[in-house]
Peer 1: 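The structure under discussion is supplied below as structure tokens; questions concerning it will follow.
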Amino acid sequence: MSTDTAPPSAATPEPLPEPAAGVYVEPTIDVSALQAVLDGKYAEIRNLVRRNLADYASVLEDAETLSTDDYRERVKQIVVEMAATGQTGMGFPQEYGGGGDIGASIAAFETLAFGDLSVLVKVGVQFGLFGGAILQLGTREHHDAYLPGLITGETMGCFAMTETGHGSNVQALGTVATYDVATQEFVITTTREDARKDYIGNAAKHAELAVVFAQLHVAGGSEGVHAFVVPIREGGKPCPGVRIEDDGLKMGLNGVDNGRLWFDEVRVPRTAMLNRFADVTPAGVYESAIENPNKRFFTMLGTLIQGRVCVGGAGINAAKVAMTIATKYALRRRQFEATSDDTEELLLDYGLHQRRLLPLLARTYALHFTQERVSGELHDILSGVVEGEQRQRELESLAAGVKALGTWHATRTIQECREACGGAGYLAVNRFAALKADTDVFTTFEGDNHVLLQLVAKGLLTDYSSEFADLDQFGMVRFVAGLAVETVLERTSVHKLLERIKDVLPGGDDGWDQEAGLLDPDYQLAMLRFREEHMLGGVARRLKRGIDNKMNPGAVFSQVQDHVIGAARAHVERLVLEAFVEKTRALPDGDLKVALNLLCDLHALSTIEADRAWFMEHGRLTSARSKAISREVSSLCRKVRPLAADLGDAFGVPPEMLRAPDLVGPTGV
Ligand SMILES: Cc1cc2nc3c(=O)[nH]c(=O)nc-3n(C[C@H](O)[C@H](O)[C@H](O)COP(=O)(O)OP(=O)(O)OC[C@H]3O[C@@H](n4cnc5c(N)ncnc54)[C@H](O)[C@@H]3O)c2cc1C
């Protein structure tokens, strides 16, 4: 049934008599109750971060007024002071001064994204990347030596993986660590100019230690990439053999000191190798419980996905700031007399403005609940609550997919919200300048989004089987040649898909052209599942054709790459909707459930609408039904419009972080 059973309510409706069954009644949103739903079980830590953000609100101005050097120092100072509140150490074991709660550490990080993003990224580098590598790749000796100092921020460090020559393809790094059995040391060397470490956060100015990723050479053999703790700076000066250069001014995040590192035969003791997964004995014998080098490498990287999960969550939360500002502005700003002769219309009463902002608002909620699922899963796996290689692989895939969609959502939302605030949105004081510039790179670091979606697709095509999910870029040839294409084809046969989708349609396939069922989550999910599996089947068929034609497997994969990305994206879109549907279904009946159902429908139908050409091409939408979906999206926008202010407020962005006096008013409320 269409939701247009009541007139669209742009203005506050008169109190209604008891509604007849099936008649829509506008829900009243209890903002704190909705914020409690969003904050989930980590409300306390999120509120601590909110308070800290308010206390350090002046950094938003510092970012615009201080010199780069002073801004960097200010950011460092804030990071260290925030560390003293316990906010940044939540993910470390309690015995070292941490909070012992991974889920809480992700919640804290996400919430920090409401504020200055240089502070966020500096925290990410110090505690997530550097601290995370020591914690996850190191063993007791490393934990004892480094964790207490790094948790307080007394010891600053960096995570030196990327090189100028290689970012996404980490297995091709050119830095080498050669074991010298005579002195029982590793010799770290930058073997060629493009093997210099690049873009490394904290490297240009503050880090004393670096976790350096390098090819391990032992007894003339190469054992692949491993990580080593290397002192790079002492008393503010580079250590002997280490050269450091500043990356200079960046598009954003200029409170973080990114830099380059070169190593000229820098010697570190044998114990500097982070040896949780592999070790070198004093006599120079390489040992690892994981025999397959690819598997070993991906197991090591797999332990570091917390950073990826955090960046995805930070992107989603940065989008919330933009959404909150643009919504508030649209409820204050008037332009043109449209429905009255003497009062100009509020921006949010224009259908176009609703269409621009409200589906993005709905998607922000959808991604929030998906992110909640990812961080819950990560918490359970890293804390040992659940175990299993398959779960770990599925989590890695989900984390990659949500990072990609979450950070792309931030980029798109911030731009749309800036435009929705007109010229005022362009003034630096109103937040968008920093939001845009600082979040832009979220789509690149912690894994380039397109590369991540290829990882997602590989997992889908292989059903997360260990043999192929671990592959590097060169392994693509083996991957394509060895892919069990028939299995994928069987799993995704169009006939089967149609059978399944027919089951959820009222009136079976004959009911396809009616408007019925548009607001049924099972129908919406079936549509997204159909698209996902159809695309996956298409990829498998195209790969098979290439292999059958004896084409080079790498070239085959390259030719179908756009299709691969499409399938991965369709998969993640389905998971996002699933998370939103599950969350709303689990809510007790009442106004909040009604409001979130509206948003969930809006998200689902606007997602289908955005790809209606594909659904029509594949016979899953007639033009009549496609038009019905567009009508429904507009209708849902009109219903969400009176709720928009409350839905934005429930994100709980501290008023001090909204700043934007021209847009939201001086108090931010
Ligand atoms: C501000 C900032 C901070 C950073 N901080 C750190 C840090 O602290 N530590 C650290 O180690 N690194 C850091 N990085 C590096 C970052 O992680 C890398 O830039 C990122 O992994 C991408 O690598 P790349 O720059 O080499 O891009 P590339 O891998 O060269 O990618 C360039 C483009 O090519 C595309 N591409 C790549 N491979 C394929 C393929 N197989 N098929 C199709 N397309 C492909 C990508 O989608 C992308 O669009 C930072 C970077 C920045 C900008």
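When a ligand or atom number is given, it counts from 1 through the structure's own listing order. As a basis for the values below, the full set of heavy atoms in this structure was taken, side chains included, without hydrogen atoms, waters or symmetry mates.
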Peer 1: May I ask you to say whether Lys237 pairs ionically with Glu234, meaning some side-chain N is under 4.0 Å from a carboxylate O?
Peer 2: no

Peer 1: Only heavy atoms of Met161, strictly under 4.0 Å: list the atoms of ligand 1 that pass.
Peer 2: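 This gives 11 (O) as the contact atoms.
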
Peer 1: Per the ring pair (Phe, Tyr, Trp, His ring centres under 6.0 Å) rule, what does the pair list look like for residues 153-175, sequence neighbours excluded?
Peer 2: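 For residues 153-175: Phe159-Phe213.
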
Peer 1: From the options Lys122, Lys76, Arg72, Arg233, select the one residue that forms a salt bridge (charged side-chain N to carboxylate O under 4.0 Å, His left out) with Asp257.
Peer 2: Lys122

Peer 1: At a 4.0 Å threshold, what atoms of ligand 1 neighbour a non-hydrogen atom of His450?
Peer 2: 47 (O)

Peer 1: Is it the side chain (CB and beyond), the backbone, both or neither of Asn258 that lies under 4.0 Å from ligand 1, heavy atoms counted?
Peer 2: side chain

Peer 1: Which option wins on minimum heavy-atom distance to atom 21 (O) of ligand 1: Ala207, Gly252, Gly167, Gly165?
Peer 2: Gly167

Peer 1: Under 4.0 Å from a heavy atom of Gln561: give me the atoms of ligand 1 that qualify, with their elements.
Peer 2: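 With Gln561 as reference, the close atoms of ligand 1 come out as 40 (C), 42 (N), 43 (C).
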
Peer 1: Taking atom CG of Leu461 and atom NZ of Lys458, what is their separation to the nearest 0.5 Å?
Peer 2: 10.0 Å

Peer 1: Take a 6.0 Å sphere around CD of Glu64 and say whether it holds more than 12 heavy atoms from other residues, nucleotides or ligands.
Peer 2: yes

Peer 1: Keeping Thr85 on the side-chain end and Glu81 on the backbone end, is there a donor-acceptor pair under 3.5 Å?
Peer 2: no

Peer 1: Should you measure from each heavy atom of Val451, which atoms of ligand 1 turn up under 4.0 Å away?
Peer 2: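 Those qualifying, in numeric order: 37 (C), 38 (N).
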
Peer 1: Ignoring hydrogens, just give me the one of Leu253, Leu173, Thr162 whose non-hydrogen atom is nearest atom 10 (C) of ligand 1.
Peer 2: Thr162

Peer 1: Against heavy atoms of Ile200, which atoms of ligand 1 measure under 4.0 Å?
Peer 2: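 Matching atoms, with element in brackets: 7 (C), 8 (O), 9 (N), 10 (C), 11 (O).
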
Peer 1: If the contact criterion is a heavy-atom separation under 4.0 Å, does Lys197 count as touching ligand 1?
Peer 2: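 It does not; every heavy atom stays at 4.0 Å or beyond.
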
Peer 1: Does Asp448 have a non-hydrogen atom less than 4.0 Å from ligand 1?
Peer 2: yes

Peer 1: Check ligand 1 against Gln454 and write out every atom of the ligand that is under 4.0 Å from a heavy-atom position of the residue.
Peer 2: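 Listed by number with element: 40 (C), 42 (N), 43 (C).
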
Peer 1: Report the distance from atom CG of Leu135 to atom CD of Gln306, rounding to the nearest 0.5 Å.
Peer 2: 8.5 Å

Peer 1: Could you measure the distance from the NZ atom of Lys197 to the OG1 atom of Thr190? Nearest 0.5 Å is fine.
Peer 2: 8.0 Å

Peer 1: Could you check whether Asp611 pairs with Arg531 (Lys NZ or Arg NE/NH1/NH2 to Asp/Glu carboxylate O, under 4.0 Å)?
Peer 2: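 Counted as a salt bridge, because a side-chain N and a carboxylate O are separated by less than 4.0 Å.
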
Peer 1: Any N or O on Tyr199 sitting closer than 3.5 Å to an N or O of ligand 1?
Peer 2: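 Yes; the residue has a nitrogen or oxygen that sits under 3.5 Å from a nitrogen or oxygen of the ligand.
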
Peer 1: Show me the side-chain donor-acceptor pairs of residues 125-132 shorter than 3.5 Å, one per line, residues at least two apart or across chains.
Peer 2:
{"from": "Gln126", "atom 1": "OE1", "to": "Gly157", "atom 2": "N", "distance (Å)": "3.0"}
{"from": "Gln126", "atom 1": "NE2", "to": "Leu150", "atom 2": "O", "distance (Å)": "3.1"}
{"from": "Gln126", "atom 1": "NE2", "to": "Thr155", "atom 2": "O", "distance (Å)": "2.8"}

Peer 1: Under 3.5 Å between some N or O of ligand 1 and some N or O of Leu129?
Peer 2: no

Peer 1: Within a distance under 4.0 Å of any heavy atom of Gly201, pick out the atoms of ligand 1 and give their elements.
Peer 2: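 So the answer, numbered in order with elements, is 7 (C), 8 (O).
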
Peer 1: Asp198 versus ligand 1: do any nitrogen or oxygen atoms come within less than 3.5 Å of each other?
Peer 2: no

Peer 1: Would His166 count as being in polar contact with ligand 1, using the rule that some N or O on each side must be under 3.5 angstrom apart?
Peer 2: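 It does not: no N or O of His166 is found under 3.5 Å from an N or O of ligand 1.
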
